[in-house]
K.L.:
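Below: one structure in structure tokens.
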Amino acid sequence: MKTYTVKEVSEIMNISPYTLRFYDKKGLFPFVKRNSKNVREFNEEDLEWVYIVMCLRATGLSISNVQHYITLFRQGDETVKNRLDLLIEQRSIIKRQLVELNEKSEMLEYKIAVYQGMINGNEVSLHNPISEKVKNRELVKNSKLRLI
């Protein structure tokens with residue numbers, strides 16, 4: 001079976017050798033073996049773990065939660081529900097972050113259009129997304145209907 005060094009894995013997966021070693025020290029690659037010279041040797045299955053860890057971290061999952069996920073995985077199929085719950089929670093966090101990023105992106109688009117209009121000498125009469133949010137907030141605030 002082909003094995004890969006930290007340097008090779010870092011090049012294949014586009015992750016720094018330092019990060020790979022750090023994650024390994026944190027126990028995120030529990031199946032990586034070391035040779036007689038104590039050098040880490042990753043196999044094809046280990047590369048899959050590296051990819052999974054990178055994806056989980058890219059979603060914002062903390063190292064301790066990735067460790068927990070791996071612990072659950074190693075405990076077997078009786079922990080599938082726990083792993084699912086962990087991933088569903090992280091997905092909901094990401095969805096909230098996406099909504100926030102979209103709102104911030106709208107403001108940037110608005111400001112860019114304003115400045116481009118000013119530079120081009122055009123009269124700027126654009127919809128301000130913030131004023132609409134304030135207006136909607138006032139409508140909800142003054143409404144007899146309250147959202148719970």
Side-chain angles (χ1 to χ4, degrees), residues 1-117 126-148:
M1 181 184 289
K2 171 109 173 93
T3 60
Y4 305 89
T5 64
V6 167
K7 183 177 188 248
E8 291 170 323
V9 173
S10 78
E11 291 170 357
I12 292 168
M13 305 300 282
N14 196 27
I15 184 172
S16 76
Y18 171 82
T19 302
L20 278 171
R21 288 184 190 99
F22 177 76
Y23 285 172
D24 188 45
K25 286 177 186 174
K26 292 292 186 178
L28 304 187
F29 307 132
F31 307 111
V32 172
K33 305 279 187 266
R34 290 180 181 252
N35 65 19
S36 60
K37 297 177 184 175
N38 204 30
V39 174
R40 292 172 184 89
E41 292 183 333
F42 293 78
N43 62 33
E44 294 292 329
E45 289 178 10
D46 297 328
L47 294 182
E48 289 179 35
W49 270 105
V50 171
Y51 182 73
I52 290 167
V53 168
M54 287 173 60
C55 288
L56 292 173
R57 291 290 295 140
T59 69
L61 197 66
S62 68
I63 288 176
S64 63
N65 277 337
V66 174
Q67 289 168 329
H68 181 62
Y69 176 85
I70 291 168
T71 299
L72 291 172
F73 174 83
R74 294 184 82 186
Q75 290 172 359
D77 289 346
E78 64 273 4
T79 66
V80 167
K81 173 77 169 84
N82 300 90
R83 286 180 269 160
L84 174 64
D85 291 343
L86 183 81
L87 297 177
I88 288 172
E89 174 61 26
Q90 193 61 26
R91 179 182 65 188
S92 69
I93 290 169
I94 289 172
K95 285 184 176 189
R96 283 192 303 269
Q97 290 172 340
L98 285 172
V99 167
E100 292 172 10
L101 281 173
N102 281 330
E103 290 174 354
K104 291 170 183 167
S105 178
E106 286 175 16
M107 177 49 79
L108 285 176
E109 292 298 327
Y110 168 74
K111 295 304 284 182
I112 288 168
V114 167
Y115 293 135
Q116 285 176 334
L126 297 171
H127 166 73
N128 182 342
I130 293 301
S131 64
E132 189 65 31
K133 288 184 186 305
V134 170
K135 182 178 172 185
N136 287 339
R137 186 177 211 156
E138 288 300 315
L139 289 173
V140 170
K141 190 175 175 183
N142 295 330
S143 171
K144 291 184 180 183
L145 294 175
R146 297 279 185 227
L147 297 176
I148 298 174

K.L.:
Output every pair passing salt bridge (charged side-chain N to carboxylate O under 4.0 Å, His left out) with a member in residues 59-76, not counting sequence neighbours, ordered by first then second residue.
P.N.:
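Listed once each, the pairs would be none.
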K.L.:
Sequence neighbours left out, what pairs pass ring-ring contact (aromatic ring centres under 6.0 Å, His included) with at least one residue falling in residues 67-92?
P.N.:
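Matches after skipping sequence neighbours: W49-F73.
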K.L.:
Give the minimum heavy-atom separation between F29 and L20, together with the two atoms involved.
P.N.:
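Heavy atoms of F29 and L20 come nearest at CE1-O, 3.5 Å.
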K.L.:
Kindly compute the distance separating NZ (K111) from CG (L108), expressed to the nearest 0.5 Å.
P.N.:
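Output value for this atom pair is 10.0 Å.
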K.L.:
Could you pull out all residues at least two apart from Y51 that satisfy ring-ring contact (aromatic ring centres under 6.0 Å, His included)?
P.N.:
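By the ring-ring contact (aromatic ring centres under 6.0 Å, His included) rule, Y51 matches no residue at all.
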K.L.:
Does V66 reach the side chain of I70, with side-chain heavy atoms less than 4.5 Å apart?
P.N.:
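V66 reaches I70 side chain to side chain.
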K.L.:
If you round to the nearest 0.5 Å, how far is OG1 of T71 from CG of N65?
P.N.:
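That separation rounds to 11.0 Å.
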K.L.:
Nearest 0.5 Å please: distance from the CG atom of D46 over to the OG1 atom of T3.
P.N.:
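One gets 9.5 Å once the value is rounded to the nearest 0.5 Å.
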K.L.:
According to the side chain to side chain donor-acceptor pair (under 3.5 Å) rule, which pairs have a member within residues 76-88, sequence neighbours left out?
P.N.:
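Checked against side chain to side chain donor-acceptor pair (under 3.5 Å) - neighbours excluded - the pairs reaching residues 76-88 are T79-R83, K81-D85.
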K.L.:
Does the pair L28 and L56 meet the rule for a side-chain contact (heavy atoms from CB on, under 4.5 Å), with working shown?
P.N.:
CA-CA 11 Å; L28 304 187; L56 292 173; over 6 Å; no
K.L.:
Can you tell me which residue pairs pass the salt bridge (charged side-chain N to carboxylate O under 4.0 Å, His left out) test with a partner in residues 7-20, sequence neighbours excluded?
P.N.:
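Residue pairs with at least one partner in residues 7-20: K7-E11.
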K.L.:
Once ring-ring contact (aromatic ring centres under 6.0 Å, His included) is applied, do any residues pair with F22, and if so which ones, sequence neighbours excluded?
P.N.:
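Partners of F22 under the ring-ring contact (aromatic ring centres under 6.0 Å, His included) test: none.
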K.L.:
Going by side-chain hydrogen bond (donor to acceptor under 3.5 Å, both in side chains), name the residues that satisfy it together with N35, two or more places apart in sequence or in a different chain.
P.N.:
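By the side-chain hydrogen bond (donor to acceptor under 3.5 Å, both in side chains) rule, N35 matches E41.
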K.L.:
Which heavy atom in L47 sits nearest to a heavy atom in M13, and how many Å separate them?
P.N.:
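Heavy atoms of L47 and M13 come nearest at O-CE, 3.7 Å.
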K.L.:
How long is the gap from OG1 on T59 to CD on Q97, to the nearest 0.5 Å?
P.N.:
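T59 atom OG1 to Q97 atom CD measures 8.5 Å (nearest 0.5 Å).
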K.L.:
Check side chain to side chain contact (heavy atoms under 4.5 Å, CB included) between I88 and all other residues, then give those that pass, not counting sequence neighbours.
P.N.:
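Side chain to side chain contact (heavy atoms under 4.5 Å, CB included) list for I88, sorted by chain: L84, R91.
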K.L.:
Could you tell me which residues satisfy side-chain hydrogen bond (donor to acceptor under 3.5 Å, both in side chains) with E100, sequence neighbours excluded, listed by chain and number?
P.N.:
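Partners of E100 by the side-chain hydrogen bond (donor to acceptor under 3.5 Å, both in side chains) criterion come out as none, since no residue qualifies.
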K.L.:
Rounded at 0.5 Å granularity, tell me how far CG in L61 sits from CD1 in I93.
P.N.:
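It is 8.0 Å, given to the nearest 0.5 Å.
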K.L.:
Under the side chain to side chain donor-acceptor pair (under 3.5 Å) rule, what pairs show up with a residue in residues 16-28, not counting sequence neighbours?
P.N.:
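The answer is S16-T19, Y23-R57, D24-R40.
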K.L.:
Return the set of residues passing side-chain hydrogen bond (donor to acceptor under 3.5 Å, both in side chains) with S92 (not counting sequence neighbours), or none when no residue passes.
P.N.:
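For S92 there are no side-chain hydrogen bond (donor to acceptor under 3.5 Å, both in side chains) partners, ignoring immediate neighbours.
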K.L.:
Supply the atom-to-atom distance M54 CE to I52 CD1, rounded to the nearest 0.5 angstrom.
P.N.:
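Answer rounded to 0.5 Å: 12.0 Å.
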K.L.:
Cation over ring, K2 on Y4, under 6.0 Å and within 45°?
P.N.:
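The answer is yes; both the distance and angle limits are met.
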K.L.:
Counting neighbours of CG on N14 that are heavy atoms of other residues, nucleotides or ligands and sit closer than 6.0 Å, is the number greater than 12?
P.N.:
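At most 12 heavy atoms, drawn from other residues, nucleotides or ligands, come within 6.0 Å of this atom.
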